[in-house]
Student: 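Have a look at this one.
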Protein chains: 2
Amino acid sequence: MVQFNTARLDAAFAALSDPTRRGVLEHLGRKDASITELADRFRMTLTGMKKHVGVLEQAELVETEKIGRMRICRLGPRRLEDEAAWIERFGRIWDARFDALDDVVEDLKRKEQAHGRRKGKRIRPR
Amino acid sequence: MVQFNTARLDAAFAALSDPTRRGVLEHLGRKDASITELADRFRMTLTGMKKHVGVLEQAELVETEKIGRMRICRLGPRRLEDEAAWIERFGRIWDARFDALDDVVEDLKRKEQAHGRRKGKRIRPR
DNA sequence: ATTAAACTGAACCATATGGTTCAGTATATA
DNA sequence: TATATACTGAACCATATGGTTCAGTTTAAT
């Protein structure tokens, strides 16, 4: 099984937990931008936006470069592969859990039929 | 394009940003557990663990039921589909972004050949 | 009927987060 | 050279987070 870098996952998921930062990522997906442009678009002070960009940089999701008097921001090299992988693995665990539960249900059904009894069934929760 | 529930994404990503909570999710994937069991396993007070479970419940990733004097915790109905979808979409945007960049590079290459010049190339970052 | 186990809630603590304002510095532009 | 633009850093603020302790309540076991 793959081993995850905990601190990196922490940072990336935390970075993604804010709507402004997700918005910045989507924006940078379309077009590089300066701090001023991002601050305008997300109606926030320069300083506030700079903090968000800082969080995204820490998580390595964005990289920035100072050009003249402005700092341009662009998407970083990470494509959220680890985060996708973690979630995918969780999905498999989740499936296994509820498949196992289905097996139990199946097993109960068979016993019911064998003994001619009847009980409430719990099926895979929605 | 799919519309995401912002508050839900916020809550889920925030829930995933803590290693203890990710651990709890993995644990519950294998086996339901009481607060005490989880607190023991993650070396934390009952109260501390209860807070984590509360966060996971808020994000609808875990559900709990009080049985007798203990509260059992199990995986909730959500499989992190929306979070996976958001990340996947980001991946596509990311690809498009760097594919566009590759086009620029290709374009530059053609011009270089045409003019017989030579310049540093920026290729798709690692 | 006691005692132990399992949880719950309030209060506290240190640190982080998401924002702001204000006072700079550095770079472009007129 | 003077002025405007773009950012930067420090300080502040309110609220959230991740933990703790302590004092209960409810339920189970002896």
Side-chain angles (χ1 to χ4, degrees), chain A residues 4 6-28 31-74 76 83, chain B residues 4 6-28 31-74 76 83:
Chain A
F4 292 105
T6 300
R8 171 172 277 199
L9 280 185
D10 291 0
F13 281 132
L16 293 178
S17 73
D18 182 275
T20 299
R21 284 191 298 259
R22 288 196 305 273
V24 167
L25 287 178
E26 299 189 14
H27 182 94
L28 295 180
K31 185 173 170 312
D32 294 352
S34 68
I35 304 279
T36 296
E37 283 164 350
L38 293 173
D40 285 352
R41 177 163 244 269
F42 294 93
R43 294 148 185 275
M44 191 175 294
T45 58
L46 271 182
T47 313
M49 180 50 72
K50 195 169 174 256
K51 282 194 188 180
H52 280 303
V53 169
V55 172
L56 290 166
E57 273 188 286
Q58 283 293 105
E60 298 177 89
L61 301 178
V62 160
E63 53 187 35
T64 72
E65 189 184 353
K66 186 98 188 203
I67 293 185
R69 67 182 152 175
M70 63 192 213
R71 176 174 298 277
I72 61 141
C73 310
R74 70 175 76 93
E83 295 68 27
Chain B
F4 293 106
T6 300
R8 172 173 275 195
L9 280 184
D10 290 0
F13 282 131
L16 293 178
S17 73
D18 182 274
T20 298
R21 285 191 297 259
R22 288 196 305 274
V24 167
L25 286 178
E26 299 189 17
H27 183 95
L28 294 182
K31 185 172 169 313
D32 295 350
S34 67
I35 305 278
T36 296
E37 282 165 349
L38 293 173
D40 285 353
R41 177 163 243 269
F42 294 91
R43 295 153 183 269
M44 189 175 298
T45 58
L46 271 184
T47 313
M49 179 50 71
K50 198 173 173 252
K51 284 194 187 179
H52 280 303
V53 169
V55 172
L56 290 166
E57 273 188 284
Q58 284 294 107
E60 298 178 86
L61 302 178
V62 160
E63 51 186 36
T64 72
E65 188 184 355
K66 187 96 189 208
I67 293 187
R69 67 181 154 176
M70 65 193 210
R71 176 174 298 279
I72 61 140
C73 310
R74 69 177 76 95
E83 295 68 29

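Predicted, not measured: the structure shown is a model, and the values here were computed from it. First the proteins, then the strands, lettered A, B, ... as listed; each starts at 1.
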Student: Between N or O atoms, less than 3.5 Å apart, protein on one side and nucleotides 17-20 of chain C on the other: list the pairs.
Tutor:
{"residue": "C:dG18", "atom": "OP1", "partner": "A:Arg21", "partner atom": "NH2", "Å": "3.4"}
{"residue": "C:dG18", "atom": "OP2", "partner": "A:Arg21", "partner atom": "NH1", "Å": "2.7"}
{"residue": "C:dG18", "atom": "OP2", "partner": "A:Arg21", "partner atom": "NH2", "Å": "3.4"}
{"residue": "C:dG19", "atom": "OP2", "partner": "A:His52", "partner atom": "NE2", "Å": "2.4"}
{"residue": "C:dG19", "atom": "N7", "partner": "A:Lys51", "partner atom": "NZ", "Å": "3.1"}
{"residue": "C:dG19", "atom": "O6", "partner": "A:Lys51", "partner atom": "NZ", "Å": "2.2"}
{"residue": "C:dT20", "atom": "OP2", "partner": "A:Thr45", "partner atom": "N", "Å": "3.2"}
{"residue": "C:dT20", "atom": "OP2", "partner": "A:Thr45", "partner atom": "OG1", "Å": "2.7"}

Student: In terms of the nearest nucleotide of DNA chain C, which residue is placed more toward the 5' end: A:Lys66 or B:Ile72?
Tutor: B:Ile72
Student: Can you check the B:Gln58 CD to D:dA16 C1' distance for me, whole Å?
Tutor: 13 Å
Student: If you define the side chain from C-beta out and look only at heavy atoms, does anything of B:His27 sit under 4.5 Å from B:Glu37?
Tutor: no
Student: Please list, for nucleotides 28-30 of chain D, all pairs of protein and nucleotide N/O atoms separated by less than 3.5 Å.
Tutor:
{"residue": "D:dA28", "atom": "O4'", "partner": "B:Arg69", "partner atom": "NE", "Å": "3.4"}

Student: Between B:Asp40 (CG) and C:dA5 (P), how many Å, whole number?
Tutor: 12 Å
Student: Mind checking what makes side-chain hydrogen bond (donor to acceptor under 3.5 Å, both in side chains) contact with A:Arg69, not counting sequence neighbours?
Tutor: none
Student: From the list D:dA6, C:dA6, D:dT8, which nucleotide is the closest neighbour of the side chain of A:Lys50?
Tutor: D:dT8
Student: Between B:Glu65 and B:Ile72, is there a side-chain heavy-atom distance shorter than 4.5 Å?
Tutor: yes
Student: Under 30°, 30 to 60°, or over 60°: which ring-plane class applies to A:Phe13 and B:Phe13, parallel, tilted or perpendicular?
Tutor: parallel
Student: Taking all atoms of both residues into account, what is the closest heavy-atom pair of A:Glu83 and A:Arg8, and its distance?
Tutor: OE2-O, 4.2 Å
Student: Do any N or O atoms from the side chain of A:Arg21 and from the backbone of A:Leu16 form a donor-acceptor pair under 3.5 angstrom?
Tutor: no
Student: Using only side-chain N and O atoms of B:Arg71, determine if any of them is under 4.0 Å from OP1 or OP2 of C:dA6.
Tutor: no
Student: Determine whether more than 12 heavy atoms belonging to other residues, nucleotides or ligands lie under 6.0 Å from atom CD of A:Glu60.
Tutor: yes
Student: Identify the heavy atoms of B:Ile35 and B:Met49 that sit nearest to each other, and give their distance.
Tutor: O-CG, 3.9 Å
